[in-house]
Structure formats: C-alpha cells, structure tokens
Q: 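Before I ask anything, here is the structure I am working with.
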Amino acid sequence: EIGSGLVGSEMCIRDSPEDIHDLYPDFTTDDVKLTNRFILLRLYYEKTGDKEKEKQLMLDYKKNKELYNDDAHLPIRQIITKRLAALEKE
C-alpha cells in the first residue's frame, strides 16, 4: 500500500490514483514528489491496463523539460522512451 512505503511491483493494486494525487499533488514544485507521483501513477495505469492514461502521463512528464532533462532523471527518461515505444507497437 502507498502508506506503507511499498513501491514498484509491491504496490497494492487497490491503491487508487486519488490516493496518489492526495500524497503527491500534480501542482507540487518538489521534484522528488513529482517523480514519485509519476512512478506510482505509471505503475498503477500499467497494472490496470489503462494505456491511454499511462501514455498521457508520460507525455505530460516529458513536457516538464527542466525535470525531464535533469541528469538525475535518466532512468525515468529511459523508462518513458522504452514504454512509449512499446505502446506504439500495440
């Protein structure tokens, strides 16, 4: 569950996007919170099969050039590039 600090494949599927939005609102300016929000929402959308929301989330994240182009976020860029390519093939 989100409250327990579990992430990735351990994230509980019953946690909803509303829970994620409550913990990490999209209007925050904190890079760590924005990145955590992105990771949790992307995993949620992938696990629930909502490809349209997952794709839109990744495209929105790419629009934040300062965050997206930061060298510290290279793993996120790699995930986005790989996943968008996979979604385009489907």
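The structure presented is a predicted model; accordingly, all values stated were derived computationally and were not measured.
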Q: Given the rule that I, L, V, M, F, W and Y join up when any side-chain heavy atoms are under 4.5 Å apart, are L59 and L87 in one cluster?
A: yes

Q: Side-chain contact test, heavy atoms from C-beta onward, threshold under 4.5 Å: evaluate it for F38 versus I80 and give yes or no.
A: yes

Q: Atom CD1 of I20 and atom OH of Y45: how far apart are they, to the nearest 0.5 Å?
A: 7.5 Å

Q: Heavy-atom distance under 4.5 Å between the side chains of D50 and E54, does that happen here?
A: no

Q: Has E52 got more than 12 heavy atoms of other residues, nucleotides or ligands less than 6.0 Å from its CD?
A: no

Q: Below 4.5 Å, heavy atoms only, C-beta onward: do Y68 and R77 meet side chain to side chain?
A: yes

Q: Any idea how Y61 and H73 line up, ring-wise: parallel (<30°), tilted (30 to 60°), or perpendicular (>60°)?
A: perpendicular

Q: Quick one: are K53 and T48 in side-chain contact, heavy atoms under 4.5 Å?
A: no

Q: Output yes when E88 and K55 qualify as a salt bridge under the 4.0 Å nitrogen-oxygen rule, no when they do not.
A: yes

Q: Do L84 and I79 sit in one hydrophobic cluster, given that two such residues count as connected whenever their side-chain heavy atoms are within less than 4.5 Å of each other, even indirectly?
A: no

Q: Rounded at 0.5 Å granularity, tell me how far CG in D60 sits from CG in L34.
A: 11.5 Å

Q: Counting distance only, does the side-chain N/O of R42 pair as donor-acceptor with the main-chain N or O of M58 below 3.5 Å?
A: no

Q: Do I76 and L67 touch side chain to side chain, with heavy atoms closer than 4.5 Å?
A: no

Q: Do L57 and R37 have side chains that approach each other closer than 4.5 Å (heavy atoms only, starting at C-beta)?
A: yes

